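My questions all concern the structure below.
Small disclaimer: the values here were computed from a predicted structure and weren't measured.
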2 protein chains.
Amino acid sequence: MLTKTSTEVVRQQNTALVLSALRRKGALSHTEIAEQTGLASATISVITAELERSGTIAKTEQHVQGGRGRPRVLFAQRRDCGYVIVVRISSDIVQYSLADYGGVLLDRFEEARSHDAGDAAAFGQVFLAALERLLQRSRIEKEGVLAVSISSKGLVAGDGARLLWSPVFGRQELDFSKLLRPDWRARIMLSNETLLVAQALAAKAEEKGDAFKGLAAISLGHSIGLGLARRGRSGELDVSAPNFGHMLHASSAGLCRCGAYGCIEAAAGFYGILRAAFEVPSDTIPAKFVPLAEMDKIAAGARQGQRMPGYAFRQAGIALGNGISRMLSLYEPMPIYITGQGTRYFDLLQKGVEEGLAQSLQVRLEGLPEITVVGDEQRLVFDGHLDRALSAVDSDITAAGHS
Amino acid sequence: MLTKTSTEVVRQQNTALVLSALRRKGALSHTEIAEQTGLASATISVITAELERSGTIAKTEQHVQGGRGRPRVLFAQRRDCGYVIVVRISSDIVQYSLADYGGVLLDRFEEARSHDAGDAAAFGQVFLAALERLLQRSRIEKEGVLAVSISSKGLVAGDGARLLWSPVFGRQELDFSKLLRPDWRARIMLSNETLLVAQALAAKAEEKGDAFKGLAAISLGHSIGLGLARRGRSGELDVSAPNFGHMLHASSAGLCRCGAYGCIEAAAGFYGILRAAFEVPSDTIPAKFVPLAEMDKIAAGARQGQRMPGYAFRQAGIALGNGISRMLSLYEPMPIYITGQGTRYFDLLQKGVEEGLAQSLQVRLEGLPEITVVGDEQRLVFDGHLDRALSAVDSDITAAGHS
DNA sequence: GCTTTTTTCTCGACAGTCGAGAAAATAAAT
DNA sequence: ATTTATTTTCTCGACTGTCGAGAAAAAAGC
């Protein structure tokens with residue numbers, strides 16, 4: 001449905017455009033902003049004056065220039081304009097970070113999670129306390145925090161605040177909005193971890209300037225994650241994290257820790273590979289956690305040509321390949337990026353992946369998708385967090401306008 | 001990426017809003033347009049004056065009113081403002097229709113397709129000749145045609161003009177844009193048939209006013225089609241037709257007529273059901289066309305409790321159910337609408353569908369999706385055609401503006 | 001014929017963008 | 001030291017668009 005538009009919307013949009021240019025390119029002068037945005041110089045004057053008045057951006061005093069004429073004055077976000085909290089929840093640790101409005105990391109600490117205690121309510125209290133600690137350590141007021149961006153593996157509800165299913169808490173729903181709402185007026189954002197990887201990779205690809213249409217990020221590890229970033233018709237980036245790890249592969253894949261049979265994860269997650277390698281009956285309840293050393297041993301065996309370990313990785317690869325082929329059937333063709341701890345076994349998976357891919361019409365028509373292994377998943381997740389949180393904050397600011 | 005906006009964009013948007021209100025609600029008066037769109041009365045005056053000047057809309061002379069004050073004058077699209085051609089290509093016939101800018105059907109004829117001749121180039125010539133005939137019969141100039149909307153089963157390229165794969169022409173690519181471009185300046189639109197069903201159903205749902213989030217249409221027949229209609233974040237409707245029928249189901253499903261093994265269609269398409277019912281080896285090259293009478297016989301057998309026919313439908317149902325569950329894993333939960341000739345066997349499929357659905361985490365979390373059988377697929381396809389083509393024409397008109 | 005009622009049209013105010021040229025601020029030249 | 005050239009930033013008037021209020025139009029009732 002279309003909606004009414006007025007000139008104020010135009011201003012909002014163009015203000016957002018200026019802020020995002022500043023976000024992407026760093027400090028810019030009047031003329032550079034005009035170049036980047038395509039707006040007229042006069043318009044830039046009005047918009048920057050307004051943003052400066054509201055305390056969002058400021059002139060930086062450095063007038064570095066060798067040129068001839070009047071020196072440029074650079075605009076940049078006022079970094080003390082507000083703060084962003086980033087929380088990465090993983091199976092073993094929870095990492096709390098504080099960054100300023102400019103995206104500069106100010107503080108960070110981690111807390112170990114006990115493997116056995118998976119009580120969501122208890123975690124909520126620990127979580128709240130940690131946020132308070134983060135504020136105290138940097139002497140920042142709650143009101144100064146503009147966004148709290150949280151990530152976990154698992155399935156996030158469409159509203160972006162509720163964790164519906166996660167490897168850590170299972171089906172215990174975790175509503176971060178409800179948890180924080182009375183006290184915190186910051187924007188609460190919950191994202192799937194691999195979604196953030198996709199977001200970060202998409203941002204990088206756009207930076208490079210090559211015509212970006214879409215990409216898929218797949219994270220291999222104890223669980224299997226998928227993040228999609230696609231450019232919508234309107235030109236905006238659309239990122240999502242479908243429930244790939246627990247998409248049905250084949251019932252032969254056995255019992256998954258989600259309780260269903262035949263998920264991709266039950267074949268390609270670490271515990272699935274382990275189960276196949278040791279010929280454990282496939283309806284055994286899977287281990288909560290597989291030490292990496294254990295996986296390394298199996299991989300070593302497979303590389304030495306042992307039969308069952310090799311078979312286990314191959315089966316895992318086929319499950320992945322089939323899953324990717326199904327995903328490509330339901331979306332457009334796009335390049336695939338593989339991350340996560342499991343990439344260290346990608347040599348063992350690759351053959352199976354290609355075999356699993358080759359079976360479908362989609363791949364026969366379009367050819368094998370481009371598959372790239374990328375390292376440093378944690379860094380990508382954090383970058384994705386910042387990208388997402390800060391652009392949300394930017395749009396909040398432009399929406400608030402002159403109130 | 002955001003993009004520059006100016007006041008002209010505002011005008012375009014609001015003009016489009018007026019046109020779409022007129023399209024949805026029929027003839028409207030000045031005040032009614034203001035109500036529908038939320039725009040100020042003064043704005044309506046300017047926009048309608050402009051549209052009237054350009055010949056897109058006109059005042060209808062009927063002043064039906066019992067009320068007291070000044071009678072309302074109704075605005076409506078000038079039906080002779082332009083024309084739209086709709087072509088439905090199915091396996092046995094090709095239907096050509098002509099409608100005016102108001103969406104009123106003016107002329108229609110069908111041409112039988114010979115089953116053997118699947119030559120794409122030859123078809124192109126037949127197609128062109130038929131379009132000419134359509135023009136001649138109604139004495140309309142080529143320039144008066146604003147859009148040619150074509151539909152077929154199969155896979156349509158992202159540009160909306162090339163047929164990449166179809167049950168009729170196989171992998172012979174058919175580029176309608178290239179075929180029509182020199183002579184026709186109309187907008188060329190090629191859509192998957194089931195996409196149009198989804199579009200029509202979504203339009204109906206929006207009309208009803210219930211908060212519409214998304215839906216999936218599945219067409220059962222010789223081949224299996226999927227159309228998705230989802231509301232994007234920006235509020236616009238996003239319809240697509242992923243390659244569902246040839247998504248990998250399980251290699252046990254046997255050889256598909258696309259040449260791959262294990263497609264959903266190879267299990268749930270008519271020929272797949274027939275093959276299973278008669279215990280034909282699953283790598284047999286599938287029949288091009290299965291008479292409906294043949295299918296009816298198998299169904300009758302299944303309803304009488306015969307083993308293999310019952311098994312065949314059940315297998316088909318499971319393939320569908322698994323496919324739907326995978327689709328729901330990769331998108332959000334949404335209601336499912338089933339159409340096509342195959343709906344007459346839905347009683348036989350249903351059990352298997354539910355069984356196939358129940359296996360996945362997604363369904364365990366969200367519950368079984370709502371499944372509705374809807375008849376009159378051909379009507380829905382035509383409605384979808386008109387909806388899509390006319391709104392495209394509307395946006396062309398608003399984009400052209402005062403040139 | 002006058003009043004009432006409803007609808008449509010018009011006018012001035014306001015918000016936004018744009019292009020052109022003025023003003024500012026520096027480096028190089030004289 | 002002063003002038004000139006160059007580059008950047010700012011400002012002004014023109015243009016386009018929406019909006020609210022009230023005027024004008026057109027019919028029904030008295």
Side-chain angles (χ1 to χ4, degrees), chain A residues 2-18 21 27-53 57-76 398-399 401-403, chain B residues 2-18 21 27-53 57-76 398-399 401-403:
Chain A
L2 295 171
T3 173
K4 187 180 113 177
T5 314
S6 65
T7 54
E8 291 152 51
V9 177
V10 173
R11 163 59 62 89
Q12 262 185 43
Q13 174 95 1
N14 286 339
T15 307
L17 191 60
V18 169
L28 294 177
S29 71
H30 183 110
T31 32
E32 286 166 329
I33 295 176
E35 264 171 34
Q36 288 293 324
T37 59
L39 293 169
S41 164
T43 310
I44 305 296
S45 289
V46 181
I47 291 177
T48 50
E50 172 69 21
L51 284 174
E52 208 175 353
R53 199 191 55 73
I57 65 172
K59 292 185 175 126
T60 63
E61 56 291 340
Q62 48 164 334
H63 297 212
V64 276
Q65 206 197 5
R68 224 165 171 340
R70 175 170 174 173
R72 309 181 157 184
V73 306
L74 300 182
F75 287 100
T398 58
H402 34 179
S403 59
Chain B
L2 295 170
T3 173
K4 187 178 110 175
T5 314
S6 66
T7 54
E8 290 152 51
V9 177
V10 174
R11 163 57 63 90
Q12 261 184 45
Q13 174 94 2
N14 287 339
T15 307
L17 192 59
V18 169
L28 294 177
S29 71
H30 183 109
T31 29
E32 287 167 327
I33 295 176
E35 263 170 38
Q36 288 292 324
T37 59
L39 293 169
S41 163
T43 311
I44 305 297
S45 289
V46 181
I47 292 178
T48 50
E50 172 68 21
L51 284 174
E52 209 176 352
R53 200 192 55 72
I57 65 173
K59 290 184 177 129
T60 62
E61 57 291 340
Q62 48 166 335
H63 296 215
V64 275
Q65 205 194 8
R68 224 148 152 14
R70 175 171 176 173
R72 309 182 156 184
V73 305
L74 300 181
F75 288 99
T398 58
H402 33 180
S403 59

**A:E8 CD - C:dT17 P separation (whole Å)** =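 Those two atoms, CD and P, are 11 Å apart.
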
**Message:** I want to confirm an ordering. Mapping A:E32 and A:K4 to their closest nucleotides on DNA chain D, which one lands closer to the 5' end?
**Reply:**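 Checking each residue's closest nucleotide, the 5'-ward one belongs to A:E32.
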
**Divergence of helical axes at both termini of the helix from C:dG1-D:dC30 to C:dT30-D:dA1 - five pairs an end, 10° steps** =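 About 40° separates the two local helix axes.
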
**Request:** Using only side-chain N and O atoms of A:N14, determine if any of them is under 4.0 Å from OP1 or OP2 of C:dT17.
**Result:**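 Affirmative; the distance criterion is met.
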
**Message:** Give me each pair satisfying side chain to side chain donor-acceptor pair (under 3.5 Å) with a member in residues 9-18 of chain A, each pair once, sequence neighbours excluded.
**Reply:**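 Side chain to side chain donor-acceptor pair (under 3.5 Å) check on residues 9-18 of chain A returns no pairs.
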
**Request:** Name the closest nucleotide to the A:V10 side chain, picking from C:dT8, D:dG17, C:dT17.
**Result:**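 For the A:V10 side chain, the nearest candidate turns out to be C:dT17.
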
**Prompt:** Rounded to whole angstroms, how far apart are CG on B:L17 and P on D:dC19?
**Reply:**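 So the CG-P distance, B:L17 to D:dC19, works out to 11 Å.
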
**Item:** Sole candidate of B:V18, B:T60, B:I57 that passes side chain to side chain contact (heavy atoms under 4.5 Å, CB included) when paired with B:F75
**Value:**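 Only one of B:V18, B:T60, B:I57 forms a side chain to side chain contact (heavy atoms under 4.5 Å, CB included) with B:F75, namely B:I57.
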
**Prompt:** Expressed in angstrom and rounded to an integer, what is the separation of A:E52 atom CD from D:dT9 atom C1'?
**Reply:**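 My rounded result for the distance is 13 Å.
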
**Request:** Take the protein atom CZ of B:R72 and the nucleotide atom P of C:dT5, then report the distance between them rounded to whole Å.
**Result:**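 One finds 17 Å between P of C:dT5 and CZ of B:R72, rounded.
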
**Request:** Look at the side chain of A:S6 and decide which nucleotide, out of C:dA15, C:dC9, D:dT18, has an atom nearest to it.
**Result:**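 Nearest listed nucleotide: D:dT18.
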
**Whole-Å gap separating P (C:dT7) and NZ (B:K59)** =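 Going from NZ in B:K59 over to P in C:dT7 covers 16 Å.
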
**side-chain contact (heavy atoms from CB on, under 4.5 Å) against A:T7, all qualifying residues, sequence neighbours excluded** =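 Checked A:T7 against side-chain contact (heavy atoms from CB on, under 4.5 Å); matches are B:T7.
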
Report, one line per pair, each donor and acceptor closer than 3.5 Å where one atom sits in a side chain of residues 38-49 of chain A; sequence neighbours left out.
unit_1 : atom_1 : unit_2 : atom_2 : d
A:S41  : OG     : A:H30  : NE2    : 2.9
A:T48  : OG1    : A:I44  : O      : 2.7
A:T48  : OG1    : A:S45  : O      : 3.1

**Request:** Grab the CD-P distance between B:Q12 and D:dT16 for me, whole Å please.
**Result:**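 My rounded result for the distance is 15 Å.
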
**From OG (B:S29) to NZ (B:K59), nearest 0.5 Å** =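 Going from the OG atom of B:S29 to the NZ atom of B:K59 covers 12.0 Å.
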
**Asked** In whole angstroms, how far is the C1' atom of D:dC10 from the CZ atom of A:F75?
**Response**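 Going from A:F75 (CZ) to D:dC10 (C1'), I get 11 Å.
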
**Message:** Does anything in residues 36-44 of chain B come within less than 4.0 Å of DNA chain C? Heavy atoms only, and list the residues if so.
**Reply:**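 Residues of residues 36-44 of chain B under 4.0 Å from DNA chain C: B:S41, B:A42.
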
**Item:** Over all atoms of both residues, closest heavy-atom pair of B:V10 and A:S6
**Value:**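 Minimum heavy-atom contact is CG2-O, 3.8 Å.
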
**Prompt:** Taking OP1 and OP2 of C:dT17, is either one under 4.0 Å from a side-chain nitrogen or oxygen of A:R11?
**Reply:**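 The answer is yes; a side-chain N or O of A:R11 sits under 4.0 Å from OP1 or OP2.
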
**Smallest separation among heavy atoms of B:T37 and B:A21, with atom names** =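 Shortest heavy-atom contact: CG2-CB, 4.2 Å.
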
**Request:** Would you mind reading off the distance between A:H30 atom NE2 and C:dC18 atom C1', rounded to a whole angstrom?
**Result:**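 Computing the A:H30:NE2 to C:dC18:C1' distance gives 12 Å.
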
Identify the pairs formed between an N or O of the protein and an N or O of nucleotides 23-25 of chain C at a distance under 3.5 Å, and give each distance.
unit_1 : atom_1 : unit_2 : atom_2 : d
C:dA24 : O4'    : A:R70  : NH1    : 3.4
C:dA25 : N3     : A:R70  : N      : 3.3

**5′-ward residue of the pair B:I47/A:T48 relative to DNA chain D** =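 Nearer the 5' end of the strand: A:T48.
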
**Request:** Would you please confirm or rule out a distance under 4.0 Å between OP1 or OP2 of D:dT16 and any side-chain N or O of A:T7?
**Result:**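 It does not, given that no N or O in the side chain of A:T7 lies less than 4.0 Å from OP1 or OP2 of D:dT16.
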
